[in-house]
Amino acid sequence: QVQLVESGGGLVQAGGSLRISCAASGRTFSRYVVGWFRQAPGKEREYVAAISWRGGSTYYAESVKGRFTISRDKDKNTVYLQMNSLKPEDTAVYYCAARSGTATFIDEYDYWGQGTQVTVSS
């Protein structure tokens, strides 16, 4: 069983930066992918970014490319999402998710965190 706990959400002004974290436990993640999704009120869930734990390959949605960076700290079993140049449309609940495998473009995940709210004010 995999446990995922997000942290670091909050309120930030447009143009600002925020880093959210996903602490993972319960399994060796050598052949796992960890991803971030977001869901705003009244909108569909969006697959934002992902990283392959072993090789470090990444995926980004077009809407965040060049602004968001996903990374991992293997020693801490933690995945980070650094969000820069934030826009009001980035406001959403951000969820961390994990699944076995290595392909980062696949958006079907098995394990989910509870989410962290990110609010960007204009």
Side-chain angles (χ1 to χ4, degrees):
Q1 189 71 11
V2 174
Q3 293 83 40
L4 303 170
V5 178
E6 302 97 333
S7 62
L11 174 65
V12 62
Q13 288 188 333
S17 298
L18 199 63
R19 189 180 78 164
I20 55 178
S21 303
C22 174
S25 62
R27 190 174 288 269
T28 301
F29 293 98
S30 60
R31 288 188 62 84
Y32 267 67
V33 175
V34 179
W36 287 97
F37 290 76
R38 67 185 181 185
Q39 188 162 24
K43 294 188 177 181
E44 292 188 357
R45 186 174 64 193
E46 181 183 13
Y47 187 36
V48 175
I51 188 165
S52 170
W53 194 264
R54 170 176 285 184
S57 60
T58 58
Y59 162 88
Y60 293 99
E62 286 297 326
S63 58
V64 306
K65 273 185 182 177
R67 299 188 299 122
F68 291 11
T69 302
I70 189 169
S71 62
R72 74 211 186 292
D73 184 327
K74 291 184 176 181
D75 291 335
K76 295 182 178 180
N77 257 19
T78 299
V79 171
Y80 303 98
L81 187 66
Q82 177 68 43
M83 304 181 290
N84 299 328
S85 301
L86 282 161
K87 306 174 182 180
E89 51 263 45
D90 293 318
T91 295
V93 177
Y94 284 71
Y95 297 92
C96 175
R99 60 169 171 77
S100 61
T102 57
T104 56
F105 62 90
I106 297 174
D107 63 354
E108 296 179 357
Y109 282 72
D110 300 312
Y111 305 99
W112 294 83
Q114 293 186 326
T116 185
Q117 176 70 46
V118 172
T119 303
V120 184
S121 63
S122 57

[X]-[Y] co-clustered via ILVMFWY side chain contacts under 4.5 Å:
| X | Y | answer |
| --- | --- | --- |
| V33 | W36 | no |
| Y95 | L18 | no |
| V93 | I70 | no |
| W112 | Y59 | yes |
| L4 | Y32 | yes |

[X] side, atom [atom1]; [Y] side, atom [atom2] - distance, nearest 0.5 Å:
| X | Y | atom1 | atom2 | answer |
| --- | --- | --- | --- | --- |
| R67 | M83 | CZ | CE | 9.5 Å |
| L81 | I20 | CG | CD1 | 4.5 Å |
| D110 | Q1 | CG | CD | 10.0 Å |
| E46 | D90 | CD | CG | 8.5 Å |
| F37 | R45 | CZ | CZ | 5.5 Å |
| E89 | L86 | CD | CG | 10.0 Å |

For this session: Check for a donor-acceptor pair, side chain of Y47 on one end and backbone N or O of I106 on the other, with a separation under 3.5 Å.
Result: yes
Problem set entry | Main-chain N/O of Q114 paired with E6 side-chain donor or acceptor, under 3.5 Å | yes
Exercise. Run the side-chain contact (heavy atoms from CB on, under 4.5 Å) check on N77 and S25 step by step: do they pass?
Worked result: CA-CA 7 Å; N77 257 19; S25 62; 5.6 Å; no
For this session: Hey, can you tell me if F68 and Y94 have their rings parallel, tilted or perpendicular (30° and 60° cut-offs)?
Result: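 Judged by the thresholds at 30° and 60°, the geometry between F68 and Y94 is tilted.
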Exercise. Would you say K74 has more than 12 foreign heavy atoms packed within less than 6.0 Å of its NZ?
Worked result: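 Yes - once you tally the heavy atoms of other residues, nucleotides and ligands closer than 6.0 Å, there are more than 12.
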Exercise. Taking the side chain as C-beta and beyond, is there a heavy-atom pair between Y60 and T69 under 4.5 Å?
Worked result: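 Side-chain contact under 4.5 Å: yes.
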For this session: Measure the shortest side-chain to side-chain distance between C96 and V34 over non-hydrogen atoms and say whether it is less than 4.5 angstrom.
Result: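 Yes. Closest side-chain heavy atoms under 4.5 Å.
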Where [X] and [Y] come nearest, the two heavy atoms and their spacing:
| X | Y | result |
| --- | --- | --- |
| Q117 | A92 | NE2-O, 3.4 Å |
| A14 | P88 | CB-CD, 4.1 Å |
| S17 | Q82 | CB-NE2, 3.9 Å |
| V48 | V64 | O-CG2, 3.6 Å |
| Y109 | A50 | OH-CB, 3.5 Å |
| T116 | S7 | OG1-C, 4.4 Å |

Exercise. For T102, which residues count as a side chain to side chain contact (heavy atoms under 4.5 Å, CB included) partner, sequence neighbours excluded?
Worked result: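 R31, S52.
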